[in-house]
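Basis for what follows: all heavy atoms, side chains included, without hydrogens, waters or symmetry-related copies. Sequence positions, counted from 1, serve as the residue numbers for this chain.
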Amino acid sequence: MTKHIFITGGVVSSLGKGLTAAAIGWILERLGFKVSMQKLDPYINVDPGTMSPFQHGEVYVTDDGTEADLDLGHYERFTNAKIGAHSNYTTGKIYRSVIRKERRGDYLGSTVQVIPHITDEIKEAIKLGVTEGTDVAITEIGGTIGDIESLPFVEAIRQFSLDNGPRDCLFIHLTLLPFLRASGELKTKPTQQSVGKLREIGIQPQILICRTEKPMSPDMPAKISLFCNVRKEAVIEERDVDFSIYEVPVDLIRAGLPQQILDHLDLEPKKELNVDDWYRLLETVKHPTHTIEVAVAGKYIELHDAYKSIYESLHHAGIANSCKVKLRKVSAEQVADRGAEQLLDGVDAILVPGGFGERGFEGKIQAIRYARENHIPFLGICYGMQAAVVEYARHVCGIDDATTAEFEPEAPHQVINLMEEQKNLKDLGGTMRLGAFDCELDEDTLSRHAYGYESISERHRHRYEFNNAYREQLTAAGLRVAGVNPHLDLVEIVELSPAIHPWFVGVQFHPEYKTKPQQPHPLFRDFVGAAIAHRERVGAGSS
């Protein structure tokens, strides 16, 4: 029978519930258990696909095309859990399903209410999130205890525990111990109040994980235990990490969390907990051989979470190359205003990420041109790849007015355009290429060398494509089509030959969605490797 862990958060938002949930999943997998991971979000949007990255961070995409919360990225980077459509439910998704059932008459004339209809739908969603063979299902509840939006979800997990029995469900509450610099002490009162709100609803957390920037004093676990009705040994310190988020799971192990989980769920480990390889990984993070600086020239650069998976992918690639990757976050709009040389001088590589809309596009063009003309390693992702095609068409092929149909639908030279079947549609909603698509790699290309395979599958989230009407003209001028979707004949990867540029790759897909700290994405790995070579080349030249 599947055991369930429910993770809630208190005091403040953005405490790191997703990261903590992922770390718990990682620990349980190391103990031999199969886990499933799920996020329940209280916002009314059906999914984050239409939400601004400035408000919500990146939209994470799964193989089945689900647009989901960025915490699912943590789940996939840390665990082997199968992530898909049932891994992320929102208030909007729940209510939409209930209203459809009401319209069909499924409730046989009953008055539809939050309890039991909404809470029953949430409990059904929790069950759907459990993949076949799962030993432990981990469900994270978004928001903060006390928020009105979260109440139906919290009530649903209370009922779920009642339905399934005390040894089959575990409540973990992640909370904050704020540090008051004026008095030089950590305060436990917010944690007491947060747990009090949970208990009012009918949930008694069995484990408290306390986020803190300073170490807890020896008497603090006992005080929290007394006032929160949680056993002293189940008060777990989760201190801010010094080097990397990948320290979190081993810190939780040292704090005794695995035994607390096993004891409450009445589980016996299936194998010995061995994390020696993880300690070696952390040693590489702490003592790298190289240091490089990568510029990320994007539209949403002000919010770190807007490109969360990209930054993590660079971090993973750095680990593989024993390299510290320093980020230079550059606004594409500022590049357009102030020039690429002023903002990008001295970087070892340039990455242009995805995005939508006209704002910042010309700045991306300038950043790509700077990378191409100065032989700086370049990686363009999705919209970044499309911008690279436009840049090459303008400045190498002489198509001065080359552009994309996304914001210039009447332009004569749309080197980026819609697929033919989309061109006459008045409503483009739901027409994006979402999820995993195949790609065949050409021989003797940077991409083929990176992957080591002829056929690959990568995740997409875009609507506009490389316009095949310009393929011959662009390739004749030196732009190589390195990867093509074999079913739709759509260009997936463009490159420049090493004879023209040391490392220049643009991909229509999102490689950042398929990377792990011990399994870096091959394109990111080689991109960082090219950046190291660039720094050594420049250094040798200056000496």
Side-chain angles (χ1 to χ4, degrees), residues 53-54 58 288 290-321 323-355 359-392 395 446 494-496 501-507 510-512 515 520-521 523-539 541-542:
F54 284 127
E58 74 174 1
H290 310 280
T291 300
I292 60 166
E293 185 176 23
V294 176
V296 179
K299 180 178 178 181
Y300 311 110
I301 215 71
E302 294 86 352
L303 181 67
H304 185 83
D305 280 353
Y307 300 119
K308 183 67 175 177
S309 290
I310 284 175
Y311 298 147
E312 288 304 305
S313 297
L314 289 169
H315 185 32
H316 301 167
I319 294 170
N321 285 280
C323 177
K324 179 181 180 180
V325 180
K326 297 168 63 178
L327 298 172
R328 186 186 297 186
K329 301 176 184 179
V330 179
S331 165
E333 289 179 278
Q334 289 189 12
V335 174
D337 294 338
R338 296 167 55 186
E341 185 170 2
Q342 182 177 349
L343 294 171
L344 299 173
D345 181 52
V347 299
D348 302 301
I350 296 171
L351 187 151
V352 175
R359 185 170 62 82
F361 185 73
E362 292 303 321
K364 292 182 178 183
I365 294 287
Q366 288 189 36
I368 294 165
R369 184 177 188 180
Y370 183 82
R372 181 178 58 79
E373 293 181 346
N374 290 279
H375 297 104
I376 300 170
F378 167 78
L379 177 59
I381 295 175
C382 196
Y383 203 33
M385 174 268 205
Q386 295 173 6
V389 173
V390 172
E391 190 281 325
Y392 204 82
H395 303 125
L446 295 168
V494 296
E495 294 183 2
L496 292 180
H501 189 285
W503 207 92
F504 189 103
V505 177
V507 296
H510 288 270
E512 69 270 24
T515 178
H521 192 282
L523 289 178
F524 277 94
R525 181 200 63 217
D526 284 12
F527 175 58
V528 168
I532 295 170
H534 173 79
R535 166 153 287 208
E536 293 174 347
R537 202 162 50 240
V538 171
S542 62

Reported [atom1]-to-[atom2] distance for the pair [X] and [Y], which is rounded to 0.5 angstrom:
X: Leu523; Y: Leu379; atom1: CG; atom2: CG; result: 6.5 Å
X: Ile292; Y: Arg535; atom1: CD1; atom2: CZ; result: 8.0 Å
X: Leu314; Y: Arg525; atom1: CG; atom2: CZ; result: 14.0 Å
X: Ile381; Y: Tyr307; atom1: CD1; atom2: OH; result: 10.0 Å

Which residues satisfy the side chain to side chain contact (heavy atoms under 4.5 Å, CB included) test with [X], sequence neighbours excluded?
X: Lys324; value: Pro288, Thr291, Lys326
X: Ala349; value: Val294, Pro377, Phe527, Ala531
X: Asp526; value: His449, Ala450, Trp503
X: Glu373; value: Arg369

For the residue pair Ser309 / Glu58, report whether a side-chain donor-acceptor contact shorter than 3.5 Å exists. yes

How close do [X] and [Y] get, heavy atom to heavy atom, and via which atoms?
X: Pro53; Y: Leu303; answer: O-CD2, 2.8 Å
X: Ala332; Y: Gly360; answer: CB-O, 3.3 Å
X: Val335; Y: Gly363; answer: CG1-O, 3.3 Å
X: Lys364; Y: Pro353; answer: NZ-O, 3.4 Å
X: Ser313; Y: Thr515; answer: OG-CG2, 3.0 Å
X: Ala367; Y: Val352; answer: CB-CG2, 4.5 Å

Pair Leu344-Ile350, side-chain contact (heavy atoms from CB on, under 4.5 Å): steps then yes or no: CA-CA 8 Å; Leu344 299 173; Ile350 296 171; 3.9 Å; yes

Under the rule for ring pair (Phe, Tyr, Trp, His ring centres under 6.0 Å), what residues qualify as partners of [X], not counting sequence neighbours?
X: Tyr383; answer: Phe361
X: Tyr370; answer: none
X: His290; answer: none
X: His395; answer: none

Would you say the ring centroid of Tyr311 lies under 6.0 angstrom from that of His304? yes

Trace of the side-chain contact (heavy atoms from CB on, under 4.5 Å) decision for Ile365 with Val390: CA-CA 8 Å; Ile365 294 287; Val390 172; 3.8 Å; yes

Does Glu512 use its side chain to pair, donor to acceptor, with the backbone of Glu312 at less than 3.5 Å? no

With sequence neighbours excluded, give me every salt bridge (charged side-chain N to carboxylate O under 4.0 Å, His left out) pair touching residues 330-346. Glu333-Arg359

Looking at residues at least two apart in the chain, or sitting in another chain, which of them share a side-chain hydrogen bond (donor to acceptor under 3.5 Å, both in side chains) with His521? Tyr451, Glu458

Among all residues two or more places apart in sequence or in another chain, which pass the salt bridge (charged side-chain N to carboxylate O under 4.0 Å, His left out) test with Glu391? Arg372

Sorted by chain and residue number, the salt bridge (charged side-chain N to carboxylate O under 4.0 Å, His left out) partners of Glu293 (sequence neighbours excluded) come out as Arg328

Passes side-chain contact (heavy atoms from CB on, under 4.5 Å), Val330 versus Ile301? Steps please. CA-CA 7 Å; Val330 179; Ile301 215 71; 5.8 Å; no

Carefully, step by step, assess Tyr392 and Ile368 under the rule side-chain contact (heavy atoms from CB on, under 4.5 Å). CA-CA 9 Å; Tyr392 204 82; Ile368 294 165; over 6 Å; no

Would you check if His510 and Cys382 make a side-chain contact, meaning some heavy-atom pair closer than 4.5 Å? yes

